[in-house]
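Comments concern the structure below.
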Amino acid sequence: MGLLNLLFGNKENNIKDFKARGAIIIDVRTPSEYKQGAIKGSRNIPLQVIESKIEEIKKLNKPVITCCASGMRSASAASVLKKYSIESINGGGWIALKTKL
């Protein structure tokens, strides 16, 4: 096990665990980016409005995997969701995430 895995856990295993527990995937890119390609079944909730959708996301009662183009916005989105006690993980860029699902 590498040092980063020891400190932060294995992201791929965490993603598989979330998915096995019925996680939803929230793509936080803009609608125009999302229309150019996305993970099948994902929901598009742009980072700019995610905080206004907290109650809607909580009602789903599922863990959340966030994604975007590179992983930066999805990291911010996962932090926002955690702030509201929503179990979430940053899945990173959507293209790379798609291969892990």
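We use all heavy atoms of the structure for the numbers below, so side chains are in, but hydrogens, waters and symmetry mates are not. Since the structure is predicted, the reported quantities are computational estimates derived from the model, not experimental observations. Start at 1 with the first residue, then count along the sequence.
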Side chains of S42 and D27, donor plus acceptor under 3.5 Å: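 No - no donor-acceptor pair under 3.5 Å links their side chains.
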
Indicate if [X] and [Y] have the same hydrophobic cluster label, given that clusters are the connected sets of ILVMFWY residues with side-chain heavy-atom separations under 4.5 angstrom.
{"X": "I89", "Y": "V64", "value": "no"}
{"X": "L47", "Y": "I86", "value": "yes"}
{"X": "I39", "Y": "I50", "value": "no"}
{"X": "F18", "Y": "I57", "value": "no"}
{"X": "I65", "Y": "V28", "value": "no"}

Within this structure, what is the [atom1]-[atom2] distance for the pair [X] and [Y], rounded to the nearest 0.5 Å?
{"X": "I45", "Y": "I25", "atom1": "CD1", "atom2": "CD1", "value": "12.5 Å"}
{"X": "C67", "Y": "Y34", "atom1": "SG", "atom2": "OH", "value": "8.5 Å"}
{"X": "L97", "Y": "K19", "atom1": "CG", "atom2": "NZ", "value": "9.0 Å"}

Check ion pair E33-R73 (N to O, under 4.0 angstrom):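 Counted as a salt bridge, because a side-chain N and a carboxylate O are separated by less than 4.0 Å.
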
Check ion pair K82-E87 (N to O, under 4.0 angstrom):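 No, K82 and E87 are not salt-bridged.
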
Working for side chain to side chain contact (heavy atoms under 4.5 Å, CB included), residues T30 and Q48: CA-CA 9 Å; T30 65; Q48 301 88 320; 4.3 Å; yes

Donor-acceptor contact below 3.5 Å, side chain S79 vs main chain A75: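 Indeed, once roles are kept as given, a pair shorter than 3.5 Å links the two residues.
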
Short side-chain to backbone donor-acceptor contact, K58 and Y84, under 3.5 Å: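 Pair found, side chain donor or acceptor close to backbone of Y84.
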
Taking every non-hydrogen atom, the tightest pair across T66 and A77: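 Closest heavy-atom pair between T66 and A77: CG2-CB, 4.0 Å.
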
Validation row: P63, S88 side chains within 4.5 angstrom (heavy atoms):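 A side-chain contact under 4.5 Å is absent here.
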
I26 vs N44 side-chain heavy atoms within contact, under 4.5 Å: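 Not in contact.
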
Worked verdict on E51 versus K83 for side chain to side chain contact (heavy atoms under 4.5 Å, CB included): CA-CA 10 Å; E51 206 154 5; K83 181 172 82 172; 3.0 Å; yes

